[in-house]
Amino acid sequence: MATLAPEIALTPAAAARVAAIAAKQGRAAILRLSVEGGGCSGFQYKFGFADAPDSGDAVAETDGVRLVVDDVSLDLVRGCAVDYVESLGGASFQVSNPNAASGCGCGTSFAV
């Protein structure tokens with residue numbers, strides 16, 4: 001059973017962007033964050049849409065939008081916040097991860 005997790009967060013800006021994309025695609029407003037090996041720093045973040053939380057997922061909810069993280073990835077992103085940032089360089093989801101000892105310039109990979 002998925003559980004509400006105070007150890008992960010989805011900012012209002014990220015929730016609004018997920019809701020807009022999900023509505024356009026006719027999908028549930030559920031963003032899945034997972035961590036995979038790879039990237040230039042050792043681990044990389046992977047985002048995708050989910051139809052529903054899986055059993056064992058940690059779930060954070062903001063403005064009716066859910067962020068889900070599997071139990072293995074949660075160990076690497078516990079305490080993180082997912083934000084959506086628009087800048088001159090482009091727009092992207094960004095993870096503020098207190099567990100990351102270092103990261104790469106692009107912000108999509110990290111080391112612990």
Side-chain angles (χ1 to χ4, degrees):
M1 171 111 191
T3 58
L4 285 179
E7 60 261 331
I8 57 174
L10 185 66
T11 68
R17 184 64 180 153
V18 170
I21 294 169
K24 188 180 257 190
Q25 294 182 359
R27 300 196 59 150
I30 303 172
L31 180 67
R32 175 168 297 282
L33 168 63
S34 59
V35 176
E36 297 180 344
C40 46
S41 293
F43 294 102
Q44 61 187 356
Y45 301 112
K46 181 178 176 190
F47 291 102
F49 280 90
D51 294 323
D54 292 335
S55 175
D57 280 347
V59 179
E61 188 166 331
T62 302
D63 300 332
V65 176
R66 291 182 280 178
L67 170 66
V68 296
V69 178
D70 63 88
D71 58 345
V72 174
S73 297
L74 184 61
D75 287 339
L76 296 168
V77 297
R78 191 177 311 276
C80 81
V82 176
D83 196 10
Y84 180 74
V85 178
E86 294 181 358
S87 68
L88 291 175
S92 64
F93 288 102
Q94 295 183 354
V95 179
S96 173
N97 186 350
N99 303 303
S102 64
C104 66
C106 64
T108 61
S109 69
F110 66 100
V112 289

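The backbone N or O of S96 lies less than 3.5 Å from no partner atom in the side chain of D83, so there is not a single donor-acceptor pair. Using modelled atom types, no side-chain atom of D57 and backbone atom of V59 make a donor-acceptor pair closer than 3.5 Å.
With rounding to the nearest 0.5 angstrom, the CG atom of D63 is 9.5 Å from the OG1 atom of T11. The CG atom of L10 sits 8.0 Å away from the CZ atom of F93 when rounded to the nearest 0.5 Å. Of the inter-residue distances, the one linking R78 atom CZ with S73 atom OG reads 11.5 Å to the nearest 0.5 angstrom.
Proximity of V82 to F47: side-chain heavy atoms (C-beta onward) are separated by under 4.5 Å at one or more points. Side-chain atoms of L33 and Y45, non-hydrogen and from C-beta on, do get closer than 4.5 Å to each other.
Screening D54, L31, L74, I30 for a side chain to side chain contact (heavy atoms under 4.5 Å, CB included) involving V68 leaves a single residue, I30.
The two atoms that bring R32 and A52 nearest to each other are NH2-O, 4.1 Å, heavy atoms only. Pairing each heavy atom of A29 with each of A19, the nearest pair is CB-CA, 4.4 Å. When every heavy atom of R27 is checked against every heavy atom of D51, the shortest pair comes out as NH2-OD1, 3.2 Å. For the residue pair A58 and E7, the shortest heavy atom distance occurs at CB-OE2, 4.4 Å. In this structure, Y84 and A91 approach most closely via the heavy-atom pair OH-CB, 3.1 Å. Contact between A28 and F49 at its shortest, heavy atoms only, is O-CD2, 3.8 Å.
Put simply, V65 and V85 are part of two different groups of oily side chains (I, L, V, M, F, W, Y) that touch within less than 4.5 Å, one to the next.
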